[in-house]
K.L.:
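I'd like to ask some things about the structure below.
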Amino acid sequence: MERVYNFSAGPSMLPLEVLEKVQKELVCYGDSGMSVMEMSHRSKPFEKIIQGAEATLRELMHIPDNYKVLFLQGGGSTQFAMIPLNLMNKNKKCDIVLTGQWSKKAKSEASKYGKVNVVASSEDKVFSYIPELDKSKFDPEADYFYITYNNTIYGTRYTELPDTGNVPLVTDISSIILSEEIDVSKFGLLFAGAQKNVGPAGVTVVIVRDDLIGNAMDFTPTMLDYKTHADNDSLYNTPPCFAIYVAGLVFEWVKEQGGVKAVQAVNEKKAGILYNFLDESSLFKGTVVPKDRSLMNAPFILPTEDLNAKFIKEATSAGFVNLKGHRTVGGMRASMYNAMPVEGVEKLVEFMKKFEMENK
Ligand SMILES: *Cc1c(COP(=O)(O)O)cnc(C)c1O
């Protein structure tokens, strides 16, 4: 069977070159005589793998020296608890902007450990925009200010960051990491579950400023304390070795594409192709306010549920898969992460045009 165009929101497409490299090295990695899956996490070859992955990521994201890069487990969702446990320990307060399911989950976890101030929310219009922020609602005594940079489900993204002064800005970059340039120095902490744009599920990347490490609440489990992992270079216990290895190959691949800036240009092109069509179409409609549109996740709808279902069915048969929207939104969603080639989006739009002609 041929590979399909996979528009999944996550786990999602990996670059074919990376999959082929993994296949080649799967049984015998380098001159180790074994698979990465069989290797001690304290062995020389694995040490090289994890250090190499970190070095390449630092280079790609221009991560300053006063930030640690951690490779953790528990997915993006564990960070919803880990962040308050480690950061909400001065005034027991945080600010948050609600832009979808992921920030709501972050809010509900943080509420277990302190007071959460909702600065703004776009829930009134099904999270179809990024709300304007009124600085007078920011709490200058908040221990951190939390945003979801790109909203995977609703397809919105920040194009302007809030100025939080001395309050550390914390962000979930699960579905935007390495897809466009992000100024790490503007943040206290950034995190991403790998399975959207970095590699297979199982590893979570946390980038955290040194001064935010070592202040965890007394009852914080050892495994949920950033200090545990920072002091041990992510090798306190067995890390998700294989996922880190594949992520390292993806980082190398991004570098070979010309780095984040070059990949961003391709992502802007892909998103442009789809959004331009949505704006012209008399049948398909984008659901997000144009200025807040995500480059990675594009939700869209047809006039009726029957047409949505028909489109998804026919698209799947034609080799465009995982286009069904999130269960809370319905309709369709095309996720166009780094590994999705321009050709995949071009062909999808051709298919949508044909569908429109046939269903007018
Ligand atoms: C997928 C996703 C998560 C959840 O990640 P898990 O690894 O499944 O816990 C969190 N935030 C965003 C923005 C996501 O897209």
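First listed ligand is number 1; within each ligand, the first listed atom is number 1. Sequential numbering from 1 along the given sequence is applied to the chain's residues. These figures come from a predicted structure and were not determined experimentally.
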K.L.:
With heavy-atom distances below 4.0 Å as the criterion, list the atoms of ligand 1 near T152.
P.N.:
12 (C), 13 (C), 14 (C), 15 (O)

K.L.:
Could you tell me if any non-hydrogen atom of Q195 lies under 4.0 Å from any atom of ligand 1?
P.N.:
yes

K.L.:
With only distance considered, is G76 within less than 3.5 Å of ligand 1 through an N or O on each side?
P.N.:
yes

K.L.:
Does R58 come within less than 4.0 Å of E54, counting only side-chain N to carboxylate O?
P.N.:
yes

K.L.:
Give the numbers and elements of all ligand 1 atoms closer than 4.0 Å to a heavy atom of D172.
P.N.:
10 (C), 11 (N), 12 (C), 13 (C)

K.L.:
Under 4.0 Å from ligand 1, counting heavy atoms only, is it the side chain of S174, its backbone, both or neither?
P.N.:
side chain

K.L.:
Any atoms of ligand 1 less than 4.0 Å from a non-hydrogen atom of G75? List them with their elements.
P.N.:
7 (O), 9 (O)

K.L.:
I'd like to know if D211 pairs up with R209 as an ion pair, taking the criterion as any Lys NZ or Arg NE/NH1/NH2 lying under 4.0 Å from an Asp or Glu carboxylate oxygen.
P.N.:
yes

K.L.:
Short list, please: which atoms of ligand 1 are under 4.0 Å from a heavy atom of K196?
P.N.:
1 (C), 2 (C), 3 (C), 14 (C), 15 (O)

K.L.:
Does atom OH (Y236) have a neighbourhood of more than 12 heavy atoms from anything else shown, all under 6.0 Å?
P.N.:
no

K.L.:
Strictly below 4.0 Å, N to O, side chains only: are K105 and D172 in salt-bridge contact?
P.N.:
no

K.L.:
Considering both backbone and side-chain atoms of N150, is one of its nitrogen or oxygen atoms within less than 3.5 Å of a nitrogen or oxygen in ligand 1?
P.N.:
no

K.L.:
Does atom CD (E47) have a neighbourhood of more than 12 heavy atoms from anything else shown, all under 6.0 Å?
P.N.:
yes

K.L.:
More than 12 heavy atoms of other residues, nucleotides or ligands under 6.0 Å from CZ of R42: yes or no?
P.N.:
yes

